[in-house]
Amino acid sequence: MIVTRKKPFEAILKELEDAGSVFLIGCADCATVAETGGEDQIKEMTEKLTAEGKEVTGNVIPETGCHELDVKKEFRAHKEEVGRADAILCMSCGAGCQSARDATEKPVYPANDSIFLGNVMRVGQFEEKCRLCGDCVLDLTGGICPVTRCHKGILNGPCGGTNEGKCEVDPEKDCAWTLIYQQLEREGKLDRMRAIQAPKNWGPVLKPGRHVLERDKGGE
Amino acid sequence: MSVETVWKELCVEHAKPSIQEVLESGKFLVSGEIGPPKGPDIEEVIHHVDLLKDRVHAMNITDNQSSVMRYPSLATALIILERGGEPNLQMTCRDRNRMALENEALFAYTRGVRSVLCLTGDSVPVGDHKDAKSVFDLESVQLLKMLKTMEEGMDLGGNEMNAPVKFYKGAIVTPEADPIEPQLIKFEKKVEAGAEWFQTQAIYDMDNFAKFMKTARQYPIKLQAGLVLLTGAGMAKYMNKNVPGVFVPDDLIEELSAAEKGKAIDVGIKIMARHIKRIREENLADGVHIMAIGKEDVVPRILEEAELDINAL
Ligand code: SF4
Ligand code: SF4
């Protein structure tokens with residue numbers, strides 16, 4: 001899921017300084033799990049903005065904020081409330097925010113910072129394990145991603161910063177290469193770690209990414 | 001025009017033998033380290049270069065060490081050459097992508113830099129530009145390989161260059177890494193990637209170092225023991241706690257604590273001199289790399305106490 005973190009309320013007020021009326025959009029998916037754009041947060045934001053003298057014209061929580069067709073449909077269904085608003089405040093991730101961007105001509109502002117693609121470790125706790133590099137190497141690294149979980153994204157084994165199996169940037173974080181070593185040793189596949197990995201191909205997906213599924217061309 | 005002619009025309013007349021020449025002649029290689037300054041005032045660096053250039057075979061120049069922005073390592077290497085010393089250019093992967101690293105290698109080569117120490121580099125958040133984007137497009141093994149590729153006349157994009165480069169390629173290893181096994185695999189990979197000689201992270205436990213050297217000696221490489229000057233018990237404890245892969249044994253800490261007020265650095269000098277002597281006597285390594293972080297002025301004293309005069313080797 002996409003992990004989001006709330007911006008400070010003062011920053012949001014600053015974004016909305018020209019807007020007397022606001023329409024809110026959340027997301028029933030990631031932003032609900034991250035507790036940044038679910039029903040409770042929409043309710044809380046409505047109260048806080050109202051207390052600041054803003055009119056909240058309405059809100060919508062699409063099933064998935066980054067599904068552009070759905071968001072457009074929702075905006076059409078809430079045409080009147082969106083129409084009365086000076087601005088749209090998006091309580092989803094940056095992608096959700098940009099679905100809203102394409103669904104209206106009104107100014108669109110983010111209420112959250114999108115921080116990473118995260119695994120849910122337990123309720124309210126997320127960890128980044130994949131950064132969508134476009135050229136997956138998990139087959140070589142015991143299923144543990146060095147591109148993401150090693151702070152420096154090193155492909156060829158630990159740097160000199162490993163300290164008792166922890167990373168130099170944060171003693172709370174495991175050194176990915178210690179984990180990879182341990183896993184490959186268990187699997188009897190340390191030769192995979194011994195093989196020199198060439199510099200990473202950063203160009204398998206031209207940024208910004210675009211991907212179109214090849215539909216079956218009939219026949220099969 | 002041969003590269004040697006170019007070097008001469010561009011002002012570099014190598015005054016000293018290269019690191020490779022020293023090591024291959026079987027001499028005990030002694031190098032020091034120059035930390036470039038924070039800003040354009042390079043007077044002190046020049047002073048340190050002049051102080052060390054005839055007392056050590058070569059000088060490492062750190063590259064934005066500890067992720068602190070400083071005067072460039074390559075610029076400092078050129079100062080060393082101009083003043084008749086031998087530079088050992090440190091290159092890290094933190095601040096430049098592969099194209100910029102290739103640029104730097106070309107620049108360094110055409111200006112007479114003959115040895116490069118390849119490092120991954122510290123992480124950005126430990127330094128003084130915490131908001132900077134870190135690069136790490138390559139890391140140490142790939143940087144070594146990059147140089148090797150360029151020595152074959154090719155660049156990393158697979159394109160032919162108009163001539164090859166040639167460097168003596170160095171790398172570092174941490175004999176006190178915890179855990180050690182992954183570090184040893186990396187060491188092997190560095191050798192395979194083209195490392196011809198190594199400098200170690202600071203070592204203080206000579207017995208453990210001797211043990212490590214039994215492994216290292218199995219490879220076709222030369223190795224210098226890395227020695228960092230201890231300036232007091234506080235520094236030793238700090239390093240034990242905060243510097244990964246550095247371990248100062250208790251007896252050395254006690255020795256430093258027992259020093260009279262203001263005299264701890266003398267004890268530090270004594271300890272380093274003792275270690276240098278032992279490394280030479282027991283032939284534990286092919287040389288030493290002396291890091292006197294900020295205290296370059298005492299390096300001549302260390303060498304004297306260690307009875308190490310490179311001109312008499
Ligand atoms: S290598 Fe890592 S970042 Fe790349 S796709 Fe695989 S898990 Fe994701
Ligand atoms: S300590 Fe480990 S995880 Fe951290 S940067 Fe170094 S190799 Fe990567």
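Note that the structure is predicted; figures quoted are calculated from it, not measured. Chain identifiers are assigned alphabetically (A, B, ...) following the order of the sequence lines, protein sequences preceding nucleic acid strands; residue numbering begins at 1 within each chain.
Other residues, nucleotides and ligands place more than 12 heavy atoms under 6.0 Å from the NZ atom of B:Lys38. Around atom CD of A:Glu63, no more than 12 heavy atoms belonging to other residues, nucleotides or ligands sit under 6.0 Å away. The neighbour count for A:Arg5 CZ, taken as heavy atoms of other residues, nucleotides or ligands under 6.0 Å away, does not exceed 12. Dense packing is recorded around CD of A:Glu128, with more than 12 heavy atoms of other residues, nucleotides or ligands lying under 6.0 Å away. Annotation for B:Met99: atom CE does not count as buried by contact number, only 12 or fewer foreign heavy atoms lying within 6.0 Å. The number of heavy atoms from other shown groups lying within 6.0 Å of NZ (B:Lys130) is above 12. Atom CZ of A:Phe9 has more than 12 heavy atoms from other residues, nucleotides or ligands within 6.0 Å. The number of heavy-atom neighbours closer than 6.0 Å to CD of B:Glu160, taken from other residues, nucleotides and ligands shown, is 12 or below.
Between the side chain of A:Glu168 and the backbone N or O of B:Asp122, no donor-acceptor pair lies under 3.5 Å. A donor-acceptor pair under 3.5 Å links the side-chain atoms of B:Lys189 to the main chain of A:Ala195, judged by distance alone. No donor-acceptor distance shorter than 3.5 angstrom exists from the side chain of B:Lys186 to the backbone of A:Gly160, with no hydrogens or angles considered.
Taking the side chain as every heavy atom from C-beta outward, A:Trp202 and B:Arg98 approach each other to under 4.5 Å. Contact check for B:Ser140 versus A:Ile154: no side-chain heavy atoms found under the 4.5 Å cut-off. Side-chain contact between A:Cys159 and B:Glu139 is absent, with no heavy-atom pair separated by less than 4.5 Å. Side-chain atoms of A:Lys166 and B:Pro244, non-hydrogen and from C-beta on, never get closer than 4.5 Å to each other.
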Report the C-alpha distance between A:Arg194 and B:Glu188 in whole Å, list the side-chain angles of each, state the deciding distance to 0.1 Å, and finish with yes or no for salt bridge (charged side-chain N to carboxylate O under 4.0 Å, His left out). CA-CA 8 Å; A:Arg194 287 201 176 92; B:Glu188 264 176 43; 3.7 Å; yes
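The heavy-atom pair separating A:Lys200 from B:Gln142 by the smallest distance is N-NE2, 4.4 Å. Contact detail for A:Asn163 and B:Gly245: the closest heavy-atom pair is OD1-N, 4.3 Å.
Contact tally against chain A (heavy-atom pairs below 4.5 Å) for B:Asp137, B:Thr120, B:Leu119, B:Ile185: the top residue is B:Ile185.
Contact of B:Thr174 with chain A is made through the side chain alone, with heavy-atom distances under 4.5 Å. If you measure heavy-atom distances from A:Ile180 to chain B, you find no contacts under 4.5 Å at all. Using a 4.5 Å cut-off between heavy atoms, B:Ala177 does not touch chain A at all.
Note that OG1 of B:Thr92 and NZ of A:Lys152 are 9.5 Å apart. Values are rounded to the nearest 0.5 Å.
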